[in-house]
Amino acid sequence: MNIEFYLNNQLITVDVDPMQSLLNTLRGNLKQTATKEGCGEGECGACSILFNGKLVNACMMPIAQAQGAELMTLEGLRQTEKGQCVIDALLEAKGVQCGFCTPGMVLALYALLEANANPSEQEIRTAISGNLCRCTGYGMIIDAAKIAATKGEGLW
Ligand code: FES
Ligand code: FES
């Protein structure tokens with residue numbers, strides 16, 4: 001079945017099983033491998049992407065649901081000033097260690113700051129509560145959110 005959607009502002013058509021996951025379509029068919037597969041069950045957030053501006057787990061969504069949607073992954077976000085602001089903040093705060101959670105974290109922090117330019121620590125914790133990080137203990141990622149909010153002042 002042909003599914004047509006916007007991926008990082010580019011119109012894409014893929015011919016796939018409509019029940020195949022969005023994650024497998026991104027990584028397998030489209031070779032967009034920034035989005036990671038962790039649990040494959042909606043629990044870890046490694047596969048987080050933006051779907052019509054909302055953070056979703058791409059492993060839990062059949063590609064059929066993407067018909068006509070606007071998707072954003074790290075490949076697209078890193079090309080934007082806001083995406084780069086979040087990435088720089090994560091690097092500055094040493095919030096990237098093994099890096100496996102990082103693509104999902106960047107999307108989660110971006111979604112947070114788009115909705116709330118000056119989040120409290122509790123709001124940051126809530127925003128990343130669906131994204132597991134086995135390395136950092138989260139403190140550095142929370143610091144990164146604060147840095148991105150401060151250094152990106154006027155951007156968000
Ligand atoms: S791989 Fe999708 S939530 Fe873990
Ligand atoms: S940096 Fe390793 S899982 Fe987060």
Side-chain angles (χ1 to χ4, degrees), residues 5-10 12 21-63 65-66 69-156:
F5 53 91
Y6 287 90
L7 176 61
N8 299 324
N9 300 318
Q10 240 193 320
I12 301 274
S21 74
L22 179 46
L23 177 62
N24 286 343
T25 308
L26 289 172
R27 290 182 57 85
N29 300 83
L30 299 171
K31 309 297 177 208
Q32 300 281 301
T33 54
T35 311
K36 301 294 183 245
E37 176 163 16
C39 65
E41 297 177 349
E43 299 290 338
C44 74
C47 64
S48 300
I49 66 163
L50 293 181
F51 186 97
N52 291 334
K54 289 214 156 87
L55 196 69
V56 300
N57 290 328
C59 70
M60 296 300 288
M61 194 172 271
I63 185 64
Q65 281 189 28
E70 291 186 16
L71 313 184
M72 179 76 79
T73 66
L74 185 65
E75 282 94 345
L77 198 59
R78 65 163 38 129
Q79 309 293 337
T80 69
E81 200 177 352
K82 290 176 179 176
Q84 201 53 57
C85 172
V86 173
I87 292 166
D88 289 347
L90 274 165
L91 294 174
E92 184 178 332
K94 301 193 170 31
V96 180
Q97 291 188 17
C98 81
F100 194 79
C101 71
T102 304
M105 282 295 181
V106 172
L107 273 292
L109 294 180
Y110 171 87
L112 165 67
L113 291 166
E114 277 291 74
N116 178 357
N118 192 18
S120 67
E121 178 155 338
Q122 191 50 51
E123 287 168 332
I124 298 167
R125 286 183 183 277
T126 300
I128 62 171
S129 61
N131 293 74
L132 296 186
C133 176
R134 290 174 179 80
C135 306
T136 64
Y138 300 99
M140 298 161 188
I141 292 171
I142 291 164
D143 289 347
K146 293 176 184 169
I147 292 169
T150 305
K151 291 206 166 167
E153 200 180 341
L155 263 186
W156 308 104

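Not measured: the values here are computed from a predicted model.
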Residues 98-108 vs salt bridge (Lys or Arg N to Asp or Glu O under 4.0 Å), sequence neighbours excluded, gives none
In Å, rounded to the nearest 0.5 Å, how long is the span from OG1 of T126 to CD of Q122? 4.5 Å
Residue pairs involving residues 37-57 (criterion salt bridge (Lys or Arg N to Asp or Glu O under 4.0 Å); sequence neighbours excluded): none
Residues that E70 engages under salt bridge (Lys or Arg N to Asp or Glu O under 4.0 Å), provided they are two or more places apart: none
For T25, the side chain to side chain donor-acceptor pair (under 3.5 Å) test, sequence neighbours excluded, returns Q20
Salt bridge (Lys or Arg N to Asp or Glu O under 4.0 Å) partners for R78, two or more places apart: none
Can you list the residues that meet the side chain to side chain donor-acceptor pair (under 3.5 Å) rule with K94, with sequence neighbours excluded? none
Under the salt bridge (Lys or Arg N to Asp or Glu O under 4.0 Å) rule, collect the residues that match up with E123, sequence neighbours excluded. none
Please report the shortest heavy-atom distance between Q32 and E75, naming the atom on each side. C-OE2, 3.2 Å
Y6 atom OH, neighbour heavy-atom count above 12 within 6.0 Å: no
Give me each pair satisfying salt bridge (Lys or Arg N to Asp or Glu O under 4.0 Å) with a member in residues 128-143, each pair once, sequence neighbours excluded. none
Looking at N118, is its backbone amide N or carbonyl O close enough to the side chain of N116 to form a donor-acceptor pair, meaning the two atoms are under 3.5 Å apart? yes
Pairing residues for K82 by the salt bridge (Lys or Arg N to Asp or Glu O under 4.0 Å) criterion, not counting sequence neighbours: E114
Just jot down the side chain to side chain donor-acceptor pair (under 3.5 Å) partners of T102, sequence neighbours excluded, or say none. none
By side chain to side chain donor-acceptor pair (under 3.5 Å), N52 pairs with (sequence neighbours left out) none
Could you tabulate the donor-acceptor pairs under 3.5 Å formed by side-chain atoms of residues 83-92, not counting sequence neighbours?
{"unit_1": "Q84", "atom_1": "NE2", "unit_2": "D88", "atom_2": "OD1", "d": "3.2"}
{"unit_1": "E92", "atom_1": "OE1", "unit_2": "K151", "atom_2": "NZ", "d": "2.7"}
{"unit_1": "E92", "atom_1": "OE2", "unit_2": "K151", "atom_2": "NZ", "d": "3.4"}

Sort out for me which residue in L7, N24, T35 forms a side chain to side chain contact (heavy atoms under 4.5 Å, CB included) with L30. L7
